[in-house]
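Everything below concerns the one structure shown next.
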Amino acid sequence: MRKKLFVMFLLTSAVAMAQTANLSSHNGRLNVMVENNDGLATYAVYYDDVQVMASSRLGFEADFGDFTQGLKMGDYKMQFNDATYVGQHSKTTVHAIRYTVPFTNAKGQKMSVIFYLTDNGVAFRYEIPRPGENPKCGVIRREVSSFNFPEGTSTFLCPQIGPMTGWERTKPSYEEDYKADAPMTDRSRFGQGYTFPCLFRVPVKKADYSEKSGYSDNAWVLVSEIGVDGSYVGSHLSDYSPETGYTIAFPQAGENNGNGTPFAGIPLPYTTPWRTIIVGASLKPIVENRHILPTLSAKYMPEEPYKAGRYTWSWLVWQDESINYDDQVQFIDLAAKMGFEFCLVDNWWDQRIGRDKIEELSKYAQSKGVSLMLWYNSNGYENDAPQTPRDCMSTAIARDKEMAWLQKIGVKGIKVDFFGGDKQCTMQLYEDILYDAFRYGLQVIFHGCTVPRGWGMMYPNYVASEAVLASENVYFSEGHAKTEAFELCLHPFIRNAMEPMDWGGTIMNKYLSRDNKSRHKRYTTDIFEMAVSITTRTPIQCIAMQPNNLDELPQFELDFLRQVPTIWHETRFLDGYPGKYVVLARRNVDDWYVAGLNAEPQPKTLTITMKEWAGKTVSYYVDDAKTNEPQLRQLKFDKKGQAKVTIQPMGGIILK
């Protein structure tokens, strides 16, 4: 192809000629071809000489100029953007290259596409100068940025739903069902395209790659966006078009009850958020996703680090009836006995417990070494959700009063629910809640919300977002209880690969009821649920135990849940396939944990390789093959650091 010789040329020249720009990663394996085709700006992506993204559009249309057609391409510039990430027990140097590709439209107005390439990552964004003395502001009405995949690509996507739909007109809330391994030609369920992140499996012919490339008939690509704040809109992907593939789609006009525009109002000059593409010959770079995307700067810094940990949550199984003082005491006591850091009090607390009693409850929790987190309804006008407290988070004045009170009574976090979409006004609301919460020492979890977009790096007090068909649906529906394993075997590859996810519960009750005998059962095993606390990544993890579990669970399960970390310093993908099974290794300081989940109807026998455990014996949490009962055994790794494990259907394993 063009790769090897061109890489050598790049290393000696920072400027190349125009009209076709061949951009390459530091190791030369990832290449992007940017072209100007009859005034249309396009790009294509290659990995190890295999095209993983076909010719795709670049550009946008603004009220001050059209950058979708009639473009001329200038000489591009390159600069090395190496960065060293220093962790508690590791130091990683990432070799990144930043390319600036300038374009001029038919009116002579300028913009540049900034590409950021690492060994497995491509990101791009638009750098827009001020066209002249004026305008000093503008409106971006649409992007033509697209992602066009080779024929035969299959998809793992979650559909976007129409605005002001669903229960109490609360959607879109990013809680729809994924379809796995679907053809690109399938239309989205609601005709509104797909929510980020989006995973694609690209077929690769053996004749197109060498054995050294690591391909096994497929390439994998994860598409998303990062760096979105209150200065832009949140986007999603359109339905597939044979001509252009998937195109960036702006919010729907009906979101936020029709309030606000679906466009992005910007100051000039301006730089848009990053569109991100993670590429691999396997799923490994997607799952590990470590330092392969642009680094985002924190918008503010706390005086001291926020506390991570685990929380108890009565509402998941005991529901609204549990939002009373006495039941919350039980869950505070449960958190204290398990050594958990937090207890979440859900909706209606202001009416069913009352503010005076909440102050008393917070004091009681603190006396037990536990901090409260409180639930809030985000809005005044965006939907009809009746849960209170309402109208406490929708304006700066209301937030200031409420958060000052929360700080005074010792509450450490809030869970804010029911947002109205992805318009710029809603992105600003997310940012405002986060910053105001920061001023009062509060951490924030979002529910009924959009997907986060780099927020873990941008906002130090951001914890996680739901933005997924989460554990509450295991309670609501036996059908979802049956698909829980499928869903949790998807998310490490898609939703949770990009950002923290508040799945909302390592569920330890056998039945989804307070008496643990009635309603429908949980279809996953105890070991599966325990393993989820490792495979699901979030700094404050919900361990959805019930008080009765203290007397019902084996001691080794209680001991594990008491000490499971929530902060991971390294992640290693060992095996898996989206929706079928997943095996991850995660490191907390010096301690490695391996967790596996199996959503398939047959047992899955695998060979695990962990060189750190060569010749060692580790604890092996596993489901008994005959009874499906949880077992704690010992497993010996050979001198090569290998051992065989078997994961039962709807079951799990843990090694530590």
Side-chain angles (χ1 to χ4, degrees), residues 154-158 177-181 197-201 216 218 220-222 278 280-290 468-471 474 482-507 523-538 541 564-566 568 570-588 592-610 620-623 643-656:
S154 60
T155 69
F156 299 77
L157 302 176
C158 180
D177 290 293
Y178 279 83
K179 286 181 67 176
D181 262 325
C198 298
L199 181 64
F200 301 89
R201 180 172 62 86
S216 179
N218 298 299
W220 293 89
V221 182
L222 185 71
I278 304 175
S282 72
L283 287 157
K284 183 177 176 67
I286 288 172
V287 175
E288 296 179 1
N289 188 9
R290 194 164 181 260
V468 74
L469 195 64
S471 62
V474 177
K482 291 179 178 178
T483 61
E484 179 189 1
F486 164 77
E487 292 160 4
L488 286 169
C489 286
L490 273 177
H491 299 320
F493 303 98
I494 312 174
R495 165 68 181 86
N496 208 197
M498 289 296 293
E499 289 274 5
M501 178 183 76
D502 190 53
W503 163 257
T506 288
I507 306 170
Y523 285 86
T524 57
T525 68
D526 281 11
I527 304 299
F528 179 102
E529 293 293 327
M530 292 160 59
V532 168
S533 68
I534 298 170
T535 59
T536 295
R537 177 174 63 90
T538 181
Q541 182 81 253
V564 63
T566 63
W568 304 106
E570 185 177 349
T571 294
R572 190 180 298 168
F573 173 63
L574 300 183
D575 208 344
Y577 190 92
K580 295 183 178 180
Y581 70 105
V582 61
V583 185
L584 304 180
R586 296 199 197 269
R587 178 176 60 83
N588 172 264
W592 280 98
Y593 293 71
V594 171
L597 310 175
N598 181 16
E600 295 189 288
Q602 303 86 23
K604 178 73 67 176
T605 298
L606 306 165
T607 298
I608 301 296
T609 300
M610 289 290 293
Y620 181 28
Y621 300 76
V622 64
D623 303 301
K644 282 191 175 182
V645 298
T646 298
I647 316 178
Q648 298 302 319
M650 306 288 273
I653 59 162
I654 301 168
L655 307 175
K656 63 181 285 286

Would you indicate whether the side-chain heavy atoms of T525 and Q648 approach each other to under 4.5 Å? no
Could you tell me if the side chain of F573 sits less than 4.5 Å from the side chain of L584, heavy atoms only? yes
Working to the nearest 0.5 Å, report the span between CE of M650 and CD of E484. 7.0 Å
Spacing of OH belonging to Y581 relative to CD1 belonging to I647, to within rounding of 0.5 Å: 8.5 Å
Here the pair of heavy atoms bringing T646 nearest to P603 is CG2-CB, 3.9 Å
Taking all non-hydrogen atoms of both residues into account, name the closest pair between V583 and V594 and its distance. CG1-CG1, 3.8 Å
Considering all heavy atoms of both residues, which atom of P492 and which atom of V287 are nearest to each other, and what is their separation? O-CG2, 3.9 Å
Sole candidate of F200, W220, F486 that passes ring pair (Phe, Tyr, Trp, His ring centres under 6.0 Å) when paired with F156: W220
I want to check something: taking the side chain as every heavy atom from C-beta on, are T536 and M501 in contact at a cut-off of under 4.5 Å? yes
Candidates I278, L283, N289 - the one meeting side chain to side chain contact (heavy atoms under 4.5 Å, CB included) with L222: I278
Could you tell me the separation between the CG atom of D502 and the OG atom of S471, rounded to the nearest 0.5 Å? 8.0 Å
Working note: R201 + N218, criterion side chain to side chain donor-acceptor pair (under 3.5 Å); need CA distance, chi angles, decisive distance, verdict. CA-CA 6 Å; R201 180 172 62 86; N218 298 299; 3.0 Å; yes
Mark yes or no for whether R586, through its side chain, and T535, through its backbone, hold a donor-acceptor pair below 3.5 Å. yes
With a 4.5 Å cut-off on side-chain heavy atoms, are L574 and T609 touching? no
Can a donor-acceptor pair be found, under 3.5 Å and without considering hydrogens, that links the side chain of N496 to the backbone of R537? yes
Does any non-hydrogen side-chain atom of V645 lie less than 4.5 Å from one of V622? no
Given side chain to side chain donor-acceptor pair (under 3.5 Å), test E529 with T524 step by step and report yes or no. CA-CA 7 Å; E529 293 293 327; T524 57; 2.6 Å; yes
On a heavy-atom basis, the closest approach of L199 and P578 is CD2-CG, 3.8 Å
Using only atom types and a distance under 3.5 Å, with no angle test, would you say the side chain of Q541 pairs donor to acceptor with the backbone of S533? yes
For A531 and G596, the nearest pair of non-hydrogen atoms, with its separation, is CB-O, 3.9 Å
Drop me the distance from F528's CZ to D623's CG, to the nearest 0.5 angstrom. 10.0 Å
Pairwise distance CG(L157) to CG(D181) - rounded to 0.5 angstrom: 10.5 Å
Heavy-atom distance under 4.5 Å between the side chains of R290 and T571, does that happen here? no
Nearest atoms (heavy-atom pairs only) where K644 meets T607: CG-OG1, 3.7 Å
Side chain to side chain donor-acceptor pair (under 3.5 Å) involving Y523 - partner list, sequence neighbours excluded: E478
Main-chain N/O of K284 paired with S282 side-chain donor or acceptor, under 3.5 Å: yes
From I653 CD1 over to L606 CG, what is the distance, rounded to the nearest 0.5 angstrom? 7.0 Å
R495 vs W503 side-chain heavy atoms within contact, under 4.5 Å: no
Can you pull the salt bridge (charged side-chain N to carboxylate O under 4.0 Å, His left out) pairs that have at least one residue in residues 592-605, sequence neighbours excluded? E600-K604
